[in-house]
Amino acid sequence: MKRVTSVVFIILCLFTALSSAAQHLAPPKYEYRAVWLTTIENLDWPRRPAADAAGAEQQKAQLVEILDSLKALHINTVLLQTRVRGDVIYPSAIEPFAHLLTGTSGKAPSYDPLAFAIEECHKRGMQLHAWLVTLPVGKDDYVRRQGKNALPRRRRDLCTHFKGQWYMEPGNPETAGYIVSLVEEIVKKYDVDGIHLDYVRYPDRTNGYPDAALYRKHGKGLSLAEWRRANITDIARKVYRCVKALKPWVRVSCAPLGKYDDLTRYSSLGWNAYDAVYQDAQGWMREGIMDVLFPMLYFNGNNFYPFVLDWQENSYGRHIVPGIGVYRLLPEYGGWRPVEIERQLHTSRSAGTAGSIMFRTEHLLDGKSGARAVYESANRTPAFVPPMWWGKGAAPSVPLLDSSLRSDSTVAIKWYPVASREGEPAVRYNVYGSSGDSVDVGNIDNLLASGLADCSFVWHCRSFKALAMAVTAVDAYGRESEPLFVNYGAVGGPFLEELLLPEQPSWGARVEVLDIYGRCIHKGRYSQRIGVRGLPGGRYLLKMYDRHGALLHQEWFLVNR
């Protein structure tokens, strides 16, 4: 199956790859800034097993240090390796604790690592997605270390031995149910923001893979390749449906191989998701059984740029987040120059993807490789995780103003709570501000606070002539409401004598001004300046309509007397 890519976009990608940093697009308001945080072999965290309570405290301190560093780089999403190889990093009724935590397989640490990681991420306004290594169970020595708790000993029927490793067998119809039971346990027990499936695929280079008997039993007239793809898709579909039935706002994602298939002009060199390991990942997006794909694009040149485009052109409205191999900067893994990472970040952004994810955390934070400096330059402002617009229901309603007080150096604003949908987490709030006459909520530089649980905000600001503020409500899917605008007049200077309105949005627009009781005190044709000199002090609501009476814009303003 050949994939056709847009010539125009190929040209755009090549242009972006060659352009200087000054020509790159500004960082957007919504974008995944993600990392894979690896636990296997104590690679990223924890750095060593904890033999006692003091060691556990050291593990916790290490994680806090890592998260603080990631927050400083404006990372907003952490994919924490939660299921490692048939073992896990939380107290499970299904699988044993991984030995990486205490040095002994099955031995519990003195704390719940997953719960601690979730709490610390949420403190920093970061999402945590539980990363599950789906089908590999481990090499022979790893499985022996688990003893009687090893999956091949407990459920030999679900496992296949192939080239010195154990795998869960995707051809066994019960495998999907076992994986779903793990997902269900995590989603029910923990406030995770996502479930991330890794290695949800057949083993690399499947020549000689021993599934002939299962194929004869369950193949149902499909070719071997079709049957294998159907098996992997069945796992993805059942996981997705399980998560959405429990908590539909939790994101489901996968890390497919970096190339989906051969393209018309560019070969995958035999290493692609569709044919080599039987992942129909673009089909999952088309069917709507995956929210995010993190394709592992650890390549450069024509093995990267055209394939990013192919993923994005076949996203079906869901999120594509290219995985970028910052480890390739190390001499032993390729010795790339840092400019290659810079090009890949900006090309992904230019292509319209939903962000980027770095593999892996240690190599991003290591200042020696140059990855940290490049990432910091490309992501100089914070970003929100992109909303799932396809989620249940609609965005929250606009917050309503309760009260607002203003002095020479302080603004205190309160608003009424916005109700969340039944069964969903409480709505959170973002506050924006500007020293001008209006505030652009699309500009992340105007963000004053995010993720507020309380319906109030106090800003201790420097001296200014005028100030505009806005409050928005954000639901569990990340969808943001239209803003509540509050426009303040001058303080410590001349009284507000006129309002400066946004530019006329359409011919025939009309405006009206209401007092706090909803009484109309001004109504007429659009004018960019409206005099308020004769109004008594207090709060007023300005509304702007098109010529058909549809509301275009509204904001509160304060007249100081």
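Predicted, not measured: the structure shown is a model, and the values here were computed from it.
Exactly one residue among W390, W311, F294 makes a ring-ring contact (aromatic ring centres under 6.0 Å, His included) with H319. That residue is W390.
Summarising the geometry, atom CG belonging to L67 is positioned 4.5 Å from atom SG belonging to C121; distances are rounded to the nearest 0.5 Å. If you take CD on Q127 and CD1 on I75, they are separated by 12.5 Å, rounding to the nearest 0.5 Å. Taking CG from D211 and CG from L224, the interatomic distance works out to 6.0 Å, rounded to the nearest 0.5 Å. Taken to the nearest 0.5 Å, the CD1 atom of I195 stands 14.0 Å off from the CH2 atom of W131. Taking CG of L114 as the reference point, atom CD1 of I89 lies at 5.5 Å (rounded to 0.5 Å). Distance CG/L329 to CG/L364: 10.0 Å, rounded to 0.5 Å.
The shortest side-chain heavy-atom distance between W271 and D204 falls under the 4.5 Å cut-off. Looking at heavy atoms from C-beta onward, K244 lies in side-chain contact with V252 at the 4.5 angstrom threshold. Counting heavy atoms from C-beta on, the side chains of P382 and R33 never come closer than 4.5 Å. Contact annotation: the side chain of D475 never approaches that of K392 to less than 4.5 Å [non-hydrogen atoms, C-beta and beyond]. The side-chain heavy atoms of Q282 and D310, taken from C-beta on, include a pair separated by under 4.5 Å. The shortest distance between side-chain heavy atoms of T77 and V321 does not fall below 4.5 Å. With contacts defined as side-chain heavy-atom distances shorter than 4.5 Å, the pair P113/W45 qualifies. Looking at heavy atoms from C-beta onward, M388 lies in side-chain contact with R251 at the 4.5 angstrom threshold.
Counting heavy-atom neighbours within 6.0 Å of E482 CD, excluding the residue itself, gives a total of 12 or less. The neighbour count for K163 NZ, taken as heavy atoms of other residues, nucleotides or ligands under 6.0 Å away, is above 12. Heavy-atom contacts from other residues, nucleotides or ligands closer than 6.0 Å to OH of Y199 number 12 or fewer. Within a 6.0 Å radius of CZ in R156, other residues, nucleotides and ligands contribute more than 12 heavy atoms.
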Checklist entry - Taking it one step at a time, do E184 and K188 satisfy salt bridge (Lys or Arg N to Asp or Glu O under 4.0 Å)? => result CA-CA 6 Å; E184 183 178 25; K188 281 184 174 180; 3.1 Å; yes

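Salt-bridge formation is not detected for the pair D141/R145: no Lys NZ or Arg NE/NH1/NH2 atom is positioned less than 4.0 Å from an Asp or Glu carboxylate oxygen. For K29 and E480, the salt-bridge test passes: some basic side-chain N is under 4.0 Å from an acidic carboxylate O. Ion pairing between E174 and R155 holds under the 4.0 Å rule for side-chain N and carboxylate O. At a threshold of 4.0 Å, the pair R124-E120 counts as salt-bridged, since one of the basic side-chain nitrogens sits closer than that to a carboxylate oxygen.
Judged by the 6.0 Å distance and 45° axis criteria, R229 is positioned over the aromatic ring of Y274. A cation-pi arrangement, defined by a distance under 6.0 Å to the six-membered ring centre and an angle within 45 degrees of its axis, is present between K60 and F116. Note that R85 lies outside the cation-pi zone of Y142, set by a 6.0 Å cut-off to the ring centre and a 45° limit from the axis.
Side-chain contact, E340 with Q344: a donor N or O sits under 3.5 Å from an acceptor N or O. A side-chain donor from one of Y260 and D280 sits under 3.5 Å from a side-chain acceptor of the other.
Ring geometry for Y298 against W36 counts as perpendicular: the plane angle is over 60°, on a 0 to 90° scale with 30° as the lower cut. Below 30°, between 30° and 60°, or above 60°: for F162 and Y209 the angle between ring planes is above 60°, a perpendicular geometry.
S92 places no side-chain N or O within 3.5 Å of a backbone atom of Y90 that could act as its donor or acceptor partner. Listed for the Q312 side chain is no donor-acceptor partner under 3.5 Å among the backbone atoms of I320.
Across all non-hydrogen atoms, the minimal contact from L297 to N303 is CD2-O, 4.2 Å.
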